[in-house]
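Notes to accompany the following structure.
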Amino acid sequence: MTPSSSFSPSIALFCSFFFGLITLSATTCLDHQKVLLLSLKNNLTFDPSLSTKLVGWNQTLECCAWGGVTCDETGHVTRLDLSRESLSGPIPSSQNQWQGLEKLEYLSLGYNSLSGSLPKPLLTLLPSLQDLDLSYNRLSGQIINDSPPRNLRNLDLSNNNFEGPVPGFIYKLAALSTLKLSANKLSGRVDLDKFAKLKELYALDLSYNKLSVSFSANFSLLSQVNSILLASCNMQELPNLKNQSRLLMLDLSDNKLRGEIPNWIWELGNGYLRFLNLSHNQFSGLQKPYTFPFLLDVLDLHSNNLEGDIPVPPRRVYHLDYSNNNFKSSIPVGFGNVLRSTLFFSISNSHIIGVIPESIRNASSLRVLDLSRNGLTGLIPLIGNLKDLQSLDLSVNMLSGSIPGELTNLAQLSSLNLSYNHLSGRIPQGLIKFTGLAFEGNDGLCGPPLKKSCH
Ligand SMILES: *[C@@H]1O[C@H](CO)[C@@H](O)[C@H](O)[C@H]1NC(C)=O
Ligand SMILES: *[C@@H]1O[C@H](CO)[C@@H](O)[C@H](O)[C@H]1NC(C)=O
Ligand SMILES: *[C@@H]1O[C@H](CO)[C@@H](O)[C@H](O)[C@H]1NC(C)=O
Ligand SMILES: *[C@@H]1O[C@H](CO)[C@@H](O)[C@H](O)[C@H]1NC(C)=O
Ligand SMILES: *[C@@H]1O[C@H](CO)[C@@H](O)[C@H](O)[C@H]1NC(C)=O
Ligand SMILES: *[C@@H]1O[C@H](CO)[C@@H](O)[C@H](O)[C@H]1NC(C)=O
Ligand SMILES: *[C@@H]1O[C@H](CO)[C@@H](O)[C@H](O)[C@H]1NC(C)=O
């Protein structure tokens, strides 16, 4: 006889009642937590017609069941997600408002229109806080330098108007994993070496502020860092990142970096680098020999001063921007064969000469192809098979011959710019169905939409 067969229906009933009670109590929030949340609601300005969470916070429902609220088994609020709730005005700043949420681990007020400063209680009165997300608001003023919760792991203050220095408490957060301060108005110097002590650091984003980032000659971060985003950080030199064996994303765009792009950069992350943005610097070339990492899928080298051979990207690249450089060379014959997965390719305004290789036909995933403002000669290749192409810009080159009728097969095309070339003959009438056409500056072209008729 197995124990379960002796289970009487009344015991089963008792059990389900008993466990039902437990589940019920597990989601019952404590009275003082409820009072705090209701006063928070009272003190937040939001548009009820756009709110999906706050609007439903009322006495009829149990507060752990309110939208955006998560409790632990003791009825304390642990997570509060009020992102995208159309919040405006200041974040409630009175002590009484926050004190008492002692188990709160996660607080997000991101993607709202909150203004005013970052209230001190948020950093000082929430002892359990691990994740604070205030990104995409209009918060301003200095980030107070107080002693924040020791457990703070993820701090996202990006896309606000914070000003003043990066507060010193950051470097004391032993558990800090993700720090995003990008797109604010922070200023002053930041010494990258100070981040070297943060043993849990995983992602660092200081981009788009008014910061000046510096580092010592022996600088090295801990090796588990996954993403380093330091765009617009007034950097004059490349930091030594050779030991970053886990790095997947690196953005050093819009700095003052010059010379050759060192070949160790391609070995970052043990060859697993996925995203590299070195655009808007003054790099003159790529140190040889180099091998691109196989997994690289975003490579942005635009607006530098790169000269010489056009680097052949790895086959997985989906965003490839070589525009605004100074190559003075031609596109390699088989180039299109490596762009089979590429959605975006631009090499506009880069002193490219020679013909457009026929292999571009094989870049069949392209949505944007921009070869404008170069010295390209020869014919427009047959690319009617690029079914996803939305934008084709071949303007300001020296392309000749007629416009291939095949282009009318490009069903997704919304912008076609062939202006300022040496094209001639009748414009294929099938093209006229497209919007965003430009043909001016080709003396030999005729037929609609041009006024000049063909004879
Ligand atoms: C904040 O909420 C409390 C409790 O609901 C209320 O007494 C107080 O007036 C509110 N403060 C503001 C500024 O709305
Ligand atoms: C309380 O909110 C629930 C939904 O969250 C709603 O169905 C109910 O009508 C509200 N009750 C009152 C009294 O506003
Ligand atoms: C770099 O070297 C200086 C002295 O040369 C030393 O004080 C500092 O701790 C070193 N930094 C690192 C990250 O090793
Ligand atoms: C890189 O790591 C190696 C081995 O882990 C270590 O010997 C070396 O000092 C590190 N380099 C830097 C610049 O920290
Ligand atoms: C690279 O950086 C530049 C300047 O910071 C930015 O405009 C561009 O969008 C970035 N490229 C990618 C692919 O994110
Ligand atoms: C396009 O790709 C096919 C097969 O993948 C290959 O045989 C052909 O030579 C390529 N075309 C050009 C012009 O390179
Ligand atoms: C076409 O290209 C020319 C030259 O690059 C530019 O001036 C013009 O604005 C473009 N036209 C359209 C419709 O994009």
Side-chain angles (χ1 to χ4, degrees), residues 83 104-111 117-120 122-124 126 128-137 139-216 219-235 239 241 243-244 246-255 268-269 275 277:
S83 58
L104 192 66
E105 294 171 3
Y106 175 96
L107 174 61
S108 175
L109 302 172
Y111 293 90
S117 58
L118 169 59
K120 186 168 162 173
L122 232 48
L123 284 180
T124 56
L126 299 171
S128 304
L129 197 65
Q130 297 180 3
D131 300 315
L132 177 60
D133 182 355
L134 301 177
S135 63
Y136 292 92
N137 277 291
L139 299 167
S140 57
Q142 297 210 3
I143 305 168
I144 43 144
N145 192 11
D146 218 302
S147 50
R150 290 156 152 262
N151 302 323
L152 201 61
R153 284 187 319 174
N154 300 311
L155 179 61
D156 188 350
L157 303 179
S158 64
N159 292 280
N160 279 288
N161 297 317
F162 288 118
E163 56 189 45
V166 172
F169 72 74
I170 300 270
Y171 311 113
K172 295 184 192 138
L173 296 170
L176 192 67
S177 172
T178 304
L179 177 66
K180 294 186 181 176
L181 299 178
S182 56
N184 277 290
K185 295 172 181 162
L186 300 170
S187 57
R189 300 194 76 79
V190 172
D191 182 0
L192 273 193
D193 294 76
K194 289 189 181 167
F195 290 97
K197 291 188 212 111
L198 302 175
K199 298 204 161 39
E200 305 293 326
L201 192 66
Y202 180 80
L204 175 65
D205 186 359
L206 303 178
S207 302
Y208 308 121
N209 280 288
K210 297 182 215 157
L211 296 168
S212 295
V213 165
S214 61
F215 42 86
S216 69
F219 162 77
S220 174
L221 285 176
L222 286 142
S223 62
Q224 79 281 3
V225 178
N226 172 281
S227 144
I228 299 178
L229 309 179
L230 298 172
S232 292
C233 281
N234 285 304
M235 298 172 83
L241 300 170
N243 271 9
Q244 304 315 139
R246 302 274 174 81
L247 200 66
L248 302 183
M249 286 186 78
L250 179 62
D251 187 349
L252 298 175
S253 66
D254 194 26
N255 278 291
L268 290 174
F275 176 103
N277 192 344

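Not measured: the values here are computed from a predicted model.
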Gap between atom [atom2] of [Y] and atom [atom1] of [X] - 0.5 Å precision:
X: F275; Y: L250; atom1: CZ; atom2: CG; result: 9.0 Å
X: L198; Y: L179; atom1: CG; atom2: CG; result: 8.5 Å
X: S128; Y: N151; atom1: OG; atom2: CG; result: 7.0 Å
X: S147; Y: L173; atom1: OG; atom2: CG; result: 10.0 Å
X: L155; Y: D133; atom1: CG; atom2: CG; result: 9.0 Å
X: L152; Y: L132; atom1: CG; atom2: CG; result: 6.5 Å

Please give me the minimum heavy-atom distance between [X] and [Y], naming the atom from each residue.
X: S214; Y: R189; answer: CB-NH2, 3.8 Å
X: L192; Y: F215; answer: CB-CB, 4.0 Å
X: A175; Y: E200; answer: O-CB, 3.8 Å
X: L118; Y: L134; answer: CD1-CD1, 3.3 Å
X: F169; Y: I143; answer: CE2-CG2, 4.2 Å
X: L211; Y: L206; answer: CD1-O, 4.0 Å

Matching residue for N154 among D131, L129, L176 - test: side chain to side chain contact (heavy atoms under 4.5 Å, CB included):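 Only one of D131, L129, L176 forms a side chain to side chain contact (heavy atoms under 4.5 Å, CB included) with N154, namely D131.
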Do [X] and [Y] come within less than 4.5 Å of each other through their side chains, counting heavy atoms only?
X: L157; Y: L139; answer: no
X: L247; Y: N226; answer: no
X: Y171; Y: V166; answer: yes
X: R246; Y: Y202; answer: no
X: I228; Y: M249; answer: no
X: S232; Y: S207; answer: no
X: F195; Y: V190; answer: yes
X: S227; Y: L229; answer: yes

Intermediate values then yes/no, side chain to side chain contact (heavy atoms under 4.5 Å, CB included), L186 and F162: CA-CA 6 Å; L186 300 170; F162 288 118; 4.0 Å; yes
Is the side chain of [X] donor-acceptor paired with the backbone N or O of [Y] at a distance under 3.5 Å, no angle test?
X: Q224; Y: K199; result: yes
X: N184; Y: N161; result: yes
X: N255; Y: S253; result: yes

Derivation of the side chain to side chain contact (heavy atoms under 4.5 Å, CB included) call for L123 and I144: CA-CA 9 Å; L123 284 180; I144 43 144; 4.1 Å; yes
Parallel, tilted or perpendicular: rings of Y111 and Y136 (30°, 60°):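 Aromatic pair Y136/Y111 classed parallel.
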S216 and D193: CA distance, side-chain angles, deciding distance, side-chain hydrogen bond (donor to acceptor under 3.5 Å, both in side chains) verdict: CA-CA 7 Å; S216 69; D193 294 76; 2.6 Å; yes
N159 versus S135, side-chain donor and acceptor atoms under 3.5 Å: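 Side chains of S135 and N159: no pair found under 3.5 Å.
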Criterion side chain to side chain donor-acceptor pair (under 3.5 Å) against S182, the qualifying member of D251, D156, D205: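 Only one option passes, and that is D205.
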